[in-house]
Trainee: 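Attaching a single structure in structure tokens format; questions to follow.
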Amino acid sequence: MRVVILGSAAGGGLPQWNCRCPICSLARAEPERVRPRTQSSIAVSPDGTDWLLVNASPDIRQQLFDNPVLHPREGLRHSPIRAVLLTNGDVDHVAGLLTLREGQPFTLYGTNGILGSVNDNRVFDVMAADVVRREAISLDETFEPVAGLSVTLFSVPGKVPLWLEDETMQIGAETETTVGAMIEAGGKRLAYIPGCARVTDGLRARIEGVDALLFDGTVLHDDDMIRAGVGTKTGWRMGHVPMRGEGGSVEALAPVAIGRRIFVHINNTNPVLVEGSSERSDVESAGWTVGHDGLALTL
Ligand code: MLT
Ligand code: MN
Ligand code: ZN
């Protein structure tokens, strides 16, 4: 199985267009100290030929340009992307669907809860119904979006997308609106969980023994955004478990056997983004890799 991290940043990317926090400022001024990153997406293939895109970020056009394996290969119009899977309805995971118009056939997969919000929004009808098939997938049902690649979706603690929040919103609920994906090919397993509000026993059991885990690295501490002075929201309020502190993912996932553990969906306020920082070496010495765009794995 081949895996490429197309975008390793959370919503907004790095630098975020309107942000002058120290980390965004460094990403502009000293990219060798803070690598710029695009928004959250990966591509997975059983053979390097046909690809599944998991999440379609607003930066997708740049991401496809930057990764030649995803370029058109034959005839006048072509794409090696056979299917797109959504793990939630966040803007950073669905806005790229608007770029995938132009009459290119593929299948769009997601739970009813996630696909429903796309179906309800008519702007997504730019993906022509006669060429882009939308297929709802039940939790825990294994399906094959690309020949040779098996995928199973499972619920993780989360919340509805920011743009769908209302007074009934529950944080940490395990529903169809935030899912992880277990992706298998050739006897290898990848768990992709870019959004997760809390590490539970069920999650630990689910990912035990995977060859690689790509996991929610939005915030280092629950109060990153407050510490950075850019907002009042905690990680919990955004539906993201912190790396460190009470209930932090580094400690909570330490007992689980995992081949490679890599943080993705990293918010631009997270100090682990700074190369050589003590925060970076702290998570690295706990066995984690801080993901970056273009990081590729062969499992
Ligand atoms: C998140 O992951 O919390 C969302 O992407 C936030 C957003 O939609 O801006
Ligand atoms: Mn997000
Ligand atoms: Zn910033």
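Whatever order the structure lists them in is the order used to number ligands and atoms, beginning at 1.
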Trainee: Using modelled atom types and a 3.5 Å cut-off, is there a donor and acceptor pairing between side-chain atoms of Arg77 and backbone atoms of Pro72?
Mentor: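 No.
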Trainee: Do Asp224 and Thr269 have side-chain N/O donor and acceptor atoms under 3.5 Å apart?
Mentor: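 Per modelled atom types, Asp224 and Thr269 side chains form no pair under 3.5 Å.
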Trainee: If I consider every N, O or S atom in Asp92, which one ends up closest to the Mn ion (ligand 2)? I only need its name.
Mentor: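 Sorting the N, O and S atoms of Asp92 by distance to the Mn ion (ligand 2) puts OD2 first.
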Trainee: Gln104 versus Ile81: any side-chain heavy-atom pair under 4.5 Å?
Mentor: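 In short, these two side chains do not touch, never coming nearer than 4.5 Å.
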Trainee: Look at atom 9 (O) of ligand 1 and say which protein heavy atom is nearest, naming residue and atom and giving the distance to 0.1 Å.
Mentor: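 Residue, atom and distance for the closest contact: Leu162 CD2, 3.9 Å.
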Trainee: Is Ser25 close enough that one of its N/O/S atoms sits under 2.8 Å from the Zn ion (ligand 3)?
Mentor: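 Of the N, O and S atoms in Ser25, none lies under 2.8 Å from the Zn ion (ligand 3), which means no.
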Trainee: Is any NZ, NE, NH1 or NH2 atom of the basic residue among Arg280 and Glu275 found under 4.0 Å from an Asp or Glu carboxylate oxygen of the other?
Mentor: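 Yes.
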Trainee: Within His93, is some N, O or S atom less than 2.8 Å away from the Mn ion (ligand 2)?
Mentor: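 No, His93 does not qualify, because none of its backbone or side-chain N, O or S atoms lies under 2.8 Å.
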Trainee: How about Ile5 and His292: do any of their side-chain heavy atoms sit closer than 4.5 Å?
Mentor: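 Ile5 does not reach His292 side chain to side chain.
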Trainee: To check your reading of the site, what angle at the Zn ion (ligand 3) do SG of Cys21 and SG of Cys24 form, to 10°?
Mentor: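 Reported to 10°, the angle equals 110°.
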Trainee: At the Zn ion (ligand 3), what angle lies between atom OD1 of Asn268 and atom SG of Cys19, rounded to 10 degrees?
Mentor: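 Taking the Zn ion (ligand 3) as the apex, I get 120° for this pair.
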Trainee: With a cut-off of 4.0 Å, which atoms of ligand 1 are near a heavy atom of Met238?
Mentor: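 Answer, ordered by atom number: 3 (O).
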Trainee: Please list the nearest protein heavy atom to atom 4 (C) of ligand 1 with its residue and the distance rounded to 0.1 Å.
Mentor: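 Answer for atom 4 (C) of ligand 1: Asp90 OD2, 3.2 Å.
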Trainee: Write out the residue and atom name of the closest protein heavy atom to atom 3 (O) of ligand 1, then the distance separating them to 0.1 Å.
Mentor: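 Answer, as residue, atom name and distance: His240 NE2, 2.9 Å.
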Trainee: Give the atom numbers and elements of ligand 1 that come within less than 4.0 Å of a heavy atom of His265.
Mentor: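 Ligand 1 atoms under the 4.0 Å threshold to His265: 2 (O).
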Trainee: For atom 5 (O) of ligand 1, what's the nearest protein heavy-atom neighbour? Residue, atom name and distance, please.
Mentor: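 Nearest protein contact, heavy atoms only, for atom 5 (O) of ligand 1 is Asp92 OD1, 2.9 Å.
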Trainee: With side-chain contact (heavy atoms from CB on, under 4.5 Å) as the test, pick out the partner of Leu297 among Asp211, Val3, Val4, Thr289.
Mentor: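 Filter result, single survivor: Val3.
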Trainee: Do you see a donor-acceptor pair shorter than 3.5 Å between the side chains of Thr234 and Asp223?
Mentor: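 No, because no side-chain N or O of Thr234 sits under 3.5 Å from a partner of the opposite role on Asp223.
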Trainee: When rounded to the nearest 0.5 angstrom, what distance separates CE in Met1 from CG in Asp47?
Mentor: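 One gets 12.0 Å once the value is rounded to the nearest 0.5 Å.
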